[in-house]
Asks: 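Below is a structure I'd like to ask you about.
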Amino acid sequence: MGRTMIEPTVNPPSVIERGHLRHLFTALIDRNFEVVGPTVRDGAIVYDRIGSPDDLPVGWTDRQDGGTYRLARRDDAALFGYAVGPHSWKRYLFPPDLVLWRAKRTDANGGFAVEQAHEDAPRYAFFGVRACELQAIAVQDRVFVDGPFVDPVYRARREQAFLVAVNCGHPAGTCFCVSMNSGPRATSGFDLALTEVIANDRHYFTVEVGTDRGADVLRDVPHRPATAGETAAADRVVELAAGQMGRQMETGGIKELLYRNAEHPRWAEVAGRCLTCGNCTMVCPTCFCATVEDSADLTGETAERVRRWDSCFALDHSFIHGGSVRSAPASRYRQWLTHKLGSWIDQFGTSGCVGCGRCITWCPVGIDITEEVRAIRATDGAGTTEKEDGNG
């Protein structure tokens with residue numbers, strides 16, 4: 001996205017001591033970045049504006065399972081000892097509400113003037129981006145930037161964004177990034193990538209440089225080359241996380257599996273539990289369904305058009321003249337899962353799932369996407385073998 005990528009082998013890892021991490025914040029703020037990162041609020045770890053390491057979730061972790069999320073205290077002062085929460089970076093690159101234009105009446109004869117509402121893109125520095133989230137951003141890049149239809153707001157925000165990744169050392173009970181080849185180690189798409197190490201009364205971060213911008217920022221932060229032992233300790237953090245996935249999903253031939261099981265009875269079974277609330281799509285870091293709403297004030301003098309996040313679970317989302325295309329909950333769940341894991345590959349050349357597990361954690365009834373795929377795979381052939389178009 002408009003920056004020079006650097007191979008990690010060209011710049012071996014460095015070390016930033018815990019006490020020097022504040023200099024990284026200062027370096028970003030001095031470059032007029034608005035730092036956004038994880039912080040504790042309202043009983044969860046969410047993404048918001050932060051100004052120093054003190055704003056991070058120091059000493060906090062989370063406990064996640066199907067339909068369950070709880071914070072808990074750690075026995076150390078880790079800054080990143082948790083998995084992903086209800087927020088994703090999507091809300092900053094693809095805002096939940098965006099005014100597209102405003103119109104104002106100019107005379108009594110019906111004349112009006114329209115002004116575009118696009119503002120200058122904010123300069124965000126995302127601090128604490130996990131590997132699965134880097135993959136999610138890459139997926140949305142394919143949707144909004146790399147395809148034939150470019151979203152100018154997304155592109156402008158994306159080009160400005162500075163990404164500080166943090167390799168995962170604490171997967172949740174609902175994580176399955178290993179199955180989706182999206183983590184827990186960040187391998188690309190970052191400006192800087194940190195790994196937090198707490199061992200032998202030491203607390204430090206190894207750091208890899210991913211871009212020329214990252215190298216420029218790192219020059220303003222006290223650091224030194226990592227020793228072989230420090231690098232090995234950081235590698236062990238990620239290796240341990242990879243072996244602690246709470247879920248897994250077999251992805252071989254998954255697109256064809258879902259296509260040939262469009263009438264599988266499992267869709268009706270899951271629909272019996274699904275509330276069609278749309279929570280899974282709201283927390284998903286790749287879902288991009290949106291609707292456009294026009295409104296005017298009571299005087300009729302001004303009007304505006306707003307784009308808002310929507311969900312394929314909403315009855316109105318597939319509404320055309322005569323009614324909704326997907327009126328039954330079973331068809332809406334099938335649309336979401338089949339598109340996410342199947343027809344997304346046809347459209348964008350990649351899966352729409354990165355294994356972050358948010359949809360499992362934040363589903364009120366704990367519906368598990370990995371279990372639904374497993375159930376269909378276990379009885380493959382029980383339904384029709386005719387392929388549908390993935391839209392209904």
Side-chain angles (χ1 to χ4, degrees), residues 41-47 62-71 83-91 94-98 132-133 136 139-140 172-176 246-247 249 258 264-293 306-320 323-344 352-376 390-392:
R41 193 183 69 215
D42 300 331
I45 295 174
V46 300
Y47 296 147
D62 49 27
R63 303 281 185 259
Q64 300 188 42
D65 210 327
T68 301
Y69 180 97
R70 294 290 185 273
L71 290 186
V84 294
H87 287 177
S88 71
W89 307 103
K90 176 178 72 174
R91 66 193 298 260
F94 180 61
D97 294 275
L98 179 69
C132 62
E133 298 179 304
V139 169
Q140 290 218 315
T174 53
C175 290
F176 56 102
R247 299 288 198 278
M249 179 188 292
L258 295 172
H264 196 285
R266 185 72 182 189
W267 303 119
E269 293 176 25
V270 72
R273 294 176 285 139
C274 179
L275 306 178
T276 65
C277 65
N279 265 20
C280 52
T281 59
M282 295 298 106
V283 298
C284 177
T286 65
C287 279
F288 58 89
C289 286
T291 187
V292 175
E293 299 176 357
V306 179
R307 184 184 71 189
R308 290 192 169 92
W309 285 1
D310 202 356
S311 172
C312 58
F313 281 89
L315 188 61
D316 289 344
H317 188 71
S318 66
F319 185 88
I320 57 176
S324 175
V325 173
R326 291 183 286 273
S327 58
S331 64
R332 300 203 288 278
Y333 187 85
R334 180 182 61 186
Q335 154 65 20
W336 174 73
L337 191 146
T338 302
H339 185 215
K340 182 70 60 179
L341 299 174
S343 53
W344 203 306
C353 178
V354 297
C356 69
R358 286 181 175 96
C359 60
I360 306 171
T361 296
W362 297 98
C363 173
V365 294
I367 294 173
D368 185 337
I369 187 174
T370 66
E371 180 58 32
E372 299 313 315
V373 171
R374 185 179 298 110
I376 291 175
N391 294 324

Asks: Going through the distances and angles, do H339 and C312 end up as a side-chain contact (heavy atoms from CB on, under 4.5 Å)?
Replies: CA-CA 10 Å; H339 185 215; C312 58; over 6 Å; no

Asks: Considering all heavy atoms of both residues, which atom of G342 and which atom of L258 are nearest to each other, and what is their separation?
Replies: N-CD1, 4.4 Å

Asks: Which value, rounded to the nearest 0.5 Å, describes the distance between C353 atom SG and W344 atom CH2?
Replies: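 One finds 9.5 Å between SG of C353 and CH2 of W344.
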
Asks: Using side chain to side chain contact (heavy atoms under 4.5 Å, CB included) as the criterion, list what pairs up with S311, not counting sequence neighbours.
Replies: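 Only T281, M282, F313 meet the side chain to side chain contact (heavy atoms under 4.5 Å, CB included) criterion with S311.
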
Asks: List for me each residue that meets ring-ring contact (aromatic ring centres under 6.0 Å, His included) alongside W89, sequence neighbours excluded, and say none if there are none.
Replies: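 Expected list: Y47, F126.
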
Asks: Quick check: closest heavy atoms across A328 and S331, and the distance to 0.1 Å?
Replies: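 Distance-wise, the nearest heavy atoms are O-OG, 2.7 Å.
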
Asks: Are the side chain of R63 and the backbone N or O of R70 linked by a donor-acceptor pair below 3.5 Å?
Replies: no

Asks: Could you tell me which residues satisfy side chain to side chain contact (heavy atoms under 4.5 Å, CB included) with D62, sequence neighbours excluded, listed by chain and number?
Replies: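 Here the qualifying residues are Q64, Y69, L71, Y82, A83, H170.
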
Asks: Going by the rule side-chain hydrogen bond (donor to acceptor under 3.5 Å, both in side chains), which residues pair with R247 if we only count those two or more places apart in sequence or in a different chain?
Replies: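 Applying side-chain hydrogen bond (donor to acceptor under 3.5 Å, both in side chains) to R247 gives D65, D368.
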
Asks: With side-chain contact (heavy atoms from CB on, under 4.5 Å) as the test, would you mind laying out the steps for T276 and L315 before giving the verdict?
Replies: CA-CA 9 Å; T276 65; L315 188 61; over 6 Å; no

Asks: Taking only residues two or more places apart in sequence or in another chain, which ones pass side-chain hydrogen bond (donor to acceptor under 3.5 Å, both in side chains) with H317?
Replies: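 Applying side-chain hydrogen bond (donor to acceptor under 3.5 Å, both in side chains) to H317 gives D310.
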
Asks: Please tabulate, for the side chains in residues 284-293, all donor-acceptor contacts under 3.5 angstrom to protein atoms that are two or more places apart in sequence or on a different chain.
Replies:
from : atom 1 : to   : atom 2 : distance (Å)
T286 : OG1    : K340 : NZ     : 2.9
T286 : OG1    : G352 : O      : 2.6
E293 : OE1    : R308 : NH1    : 2.5

Asks: Indicate yes or no: at least one non-hydrogen side-chain atom of R326 is less than 4.5 angstrom from one of Y333.
Replies: no

Asks: Using the test side-chain hydrogen bond (donor to acceptor under 3.5 Å, both in side chains), find all partners of R91 that sit at least two apart in sequence or belong to another chain.
Replies: none

Asks: Just verifying a value: how many Å separate H87 NE2 and I45 CD1, rounded to the nearest 0.5 Å?
Replies: 12.0 Å

Asks: Got a sec, which residues hit salt bridge (Lys or Arg N to Asp or Glu O under 4.0 Å) with R266, two or more places apart in sequence or on another chain?
Replies: E269, E372

Asks: For L341 and I369, run side-chain contact (heavy atoms from CB on, under 4.5 Å): C-alpha distance rounded to whole Å, both residues' side-chain angles, the deciding distance at 0.1 Å, then the answer.
Replies: CA-CA 10 Å; L341 299 174; I369 187 174; 4.1 Å; yes

Asks: With salt bridge (Lys or Arg N to Asp or Glu O under 4.0 Å) as the rule and sequence neighbours excluded, what pairs involving residues 277-289 come up?
Replies: none

Asks: Not counting sequence neighbours, which residues clear side chain to side chain contact (heavy atoms under 4.5 Å, CB included) with C132? List them please.
Replies: V84, R130, C177, S182, V354, C356

Asks: Going by the rule salt bridge (Lys or Arg N to Asp or Glu O under 4.0 Å), which residues pair with R41 if we only count those two or more places apart in sequence or in a different chain?
Replies: D48

Asks: Rounded at 0.5 Å granularity, tell me how far CG in L337 sits from CD1 in I367.
Replies: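 The CG atom of L337 sits 10.5 Å away from the CD1 atom of I367.
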
Asks: Considering all heavy atoms of both residues, which atom of A314 and which atom of R332 are nearest to each other, and what is their separation?
Replies: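 Result for this residue pair: O-CD, 4.0 Å.
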
